[in-house]
Amino acid sequence: MEFVDGQSLYDVMRVRRDGDAGCGASCATGWHRVLSAVHQAGAIHRDLSPDNIILPGGRVERAKIIDFGIARSAAVGGETLIGGKFAGK
């Protein structure tokens with residue numbers, strides 16, 4: 001598993017106070033591509049939030065989605081790592 005060092009998107013937005021992490025539509029487009037790849041691989045993240053997006057070196061263009069702990073198979077009836085119970089935010 002890769003170690004990802006950096007602040008979360010949540011922390012960056014909180015510090016900036018204007019709610020803008022400095023990326024706008026370019027971030028949304030990048031995360032859309034990543035999530036599309038995850039879905040094509042047959043998984044659903046289920047806990048995507050600014051806390052689970054890390055900006056290595058503070059660089060938005062290098063953003064990484066983390067914490068797939070409660071990800072679920074996209075197949076009907078697929079379970080999470082903790083079984084079929086609800087978890088997440």
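Quick caveat: nothing in here was measured; it's all calculated off a predicted structure.
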When rounded to the nearest 0.5 angstrom, what distance separates CZ in Arg14 from OG in Ser8?
->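 Arg14 CZ to Ser8 OG: 7.5 Å, rounded to 0.5 Å.
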Calculate, to the nearest 0.5 Å, the distance between atoms CG and CE belonging to Asp51 and Met13 respectively.
->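 Going from CG on Asp51 over to CE on Met13, the span is 9.0 Å.
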Got Gln7 and Leu55 here, is their nearest side-chain heavy-atom distance under 4.5 Å?
->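 The answer is no, as the side chains (C-beta and beyond) never meet within the 4.5 Å cut-off.
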Do Tyr10 and Val12 have side chains that get closer than 4.5 Å, going by heavy atoms?
->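 Not touching, per the 4.5 Å side-chain cut-off.
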Show me the donor-acceptor pairs, under 3.5 Å and distance only, between side chains in residues 36-45 and residues at least two apart or in other chains.
from: Ser36; atom 1: OG; to: His32; atom 2: O; distance (Å): 2.9
from: His45; atom 1: ND1; to: Asp47; atom 2: N; distance (Å): 3.0
from: His45; atom 1: ND1; to: Leu48; atom 2: N; distance (Å): 3.2
from: His45; atom 1: NE2; to: Ile66; atom 2: O; distance (Å): 2.9
from: His45; atom 1: NE2; to: Asp67; atom 2: O; distance (Å): 3.0

Test item: Arg46 side-chain N/O and Ala71 main-chain N/O as donor-acceptor pair under 3.5 Å =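 Here the side-chain-to-backbone pair does not exist.
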At their closest point, which heavy atom of Phe3 faces which heavy atom of Asp5, and how far apart are they?
->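 In terms of heavy atoms, the two residues are closest at CE2-CB, 3.5 Å.
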For the residue pair Lys64 and Pro56, what are the closest heavy atoms and their distance?
->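 So the two residues come closest at CG-CG, 4.0 Å.
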